[in-house]
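Quick notes on the structure that follows.
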Amino acid sequence: MSSKLTRAGTPHNLEDVCKAFSAERQSSPGAVIVTLNPSRANDSPFAKPMAPPRFMADSVANAITAMKQHDVSKIVVMQALGVGDSFPNMSVWMRWVRHWTYMKHSYDDHDLVDEEIKLSGVNYVLPRPPWLTNGRARPVRMYGNTGEGVGNLATVSRKSVADFLLDACERNDWDRSTPVITS
């Protein structure tokens, strides 16, 4: 029987993150999952960002600091198609959106996470799903680390991504990779 631990705080504050790692439990977690996205003025992906420019990068840096203090060696961070070296494999429309709308701020922050986590020394998996849907969980298809061949209308359900994130924690098949995943 597991107990539910609740901690108030923000991932942007190192002390809050360290408190979460220090919660009463029998052992440290085997891995950390991060599914952050910066807050926006409303639910539209095109809305003005409300979070600081490095919200995700600084939050992930805090998680890595706490991981190192508690001997946790693996982090799985949900990113997005178009981050890092997958950018050329986004559709032309999405490359325009990524560069010329407020989404640029979120993608720039994701790019910082991608760059900095690779230099951190921890084991990582940085899955890059394309457009998220609310469908049922289905097995994911992989398009390598760059998304070559993913196509313009690729989607994946949030449930499929959640299953993949858990699998990435428990298995080493994708360690030190940035797999583009679809349904």
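Excluded from the calculations below are hydrogen atoms, water molecules and symmetry mates; all remaining heavy atoms, backbone and side chain alike, are included.
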Using residues 41-50 as the side-chain source, report each donor-acceptor pair under 3.5 Å to any protein atom, sequence neighbours left out, with the distance given to one decimal.
residue: N42; atom: OD1; partner: S44; partner atom: N; Å: 2.8
residue: S44; atom: OG; partner: F46; partner atom: N; Å: 3.1

Are any of the side-chain heavy atoms of [X] and [Y] separated by less than 4.5 Å?
X	Y	result
P88	T146	no
K74	C169	no
T178	S86	no
P53	D108	no

For a quick test of reading the model, state the closest non-hydrogen atom pair linking [X] to [Y] and the distance between them.
X	Y	value
P127	L165	CG-CD2, 3.6 Å
D109	P38	OD2-CG, 4.3 Å
Y143	G149	CE2-O, 3.4 Å
F21	A63	CZ-O, 4.2 Å
P179	N145	N-OD1, 3.6 Å

Is [X] linked to [Y] within one hydrophobic cluster, defined over Ile, Leu, Val, Met, Phe, Trp and Tyr using a side-chain heavy-atom separation of less than 4.5 Å?
X	Y	result
V76	M67	no
V156	L153	no
Y107	W100	yes
F164	L126	no
I181	V125	yes

Residues passing the side-chain hydrogen bond (donor to acceptor under 3.5 Å, both in side chains) test with D85, sequence neighbours excluded, are R128
Throw together a table of side-chain donor-acceptor distances under 3.5 angstrom for residues 77-84, partners on residues two or more places apart or in other chains.
residue: Q79; atom: NE2; partner: H110; partner atom: O; Å: 3.0

Roughly how far, to the nearest 0.5 Å, is CD1 of I33 from CG of L166? 4.5 Å
Just wondering, more than 12 heavy atoms not from [X] lying within 6.0 Å of its [atom1]?
X	atom1	result
K118	NZ	yes
E148	CD	no
Y102	OH	no

Any side-chain to backbone donor/acceptor pair from R95 onto M90? Under 3.5 Å, distance only. yes
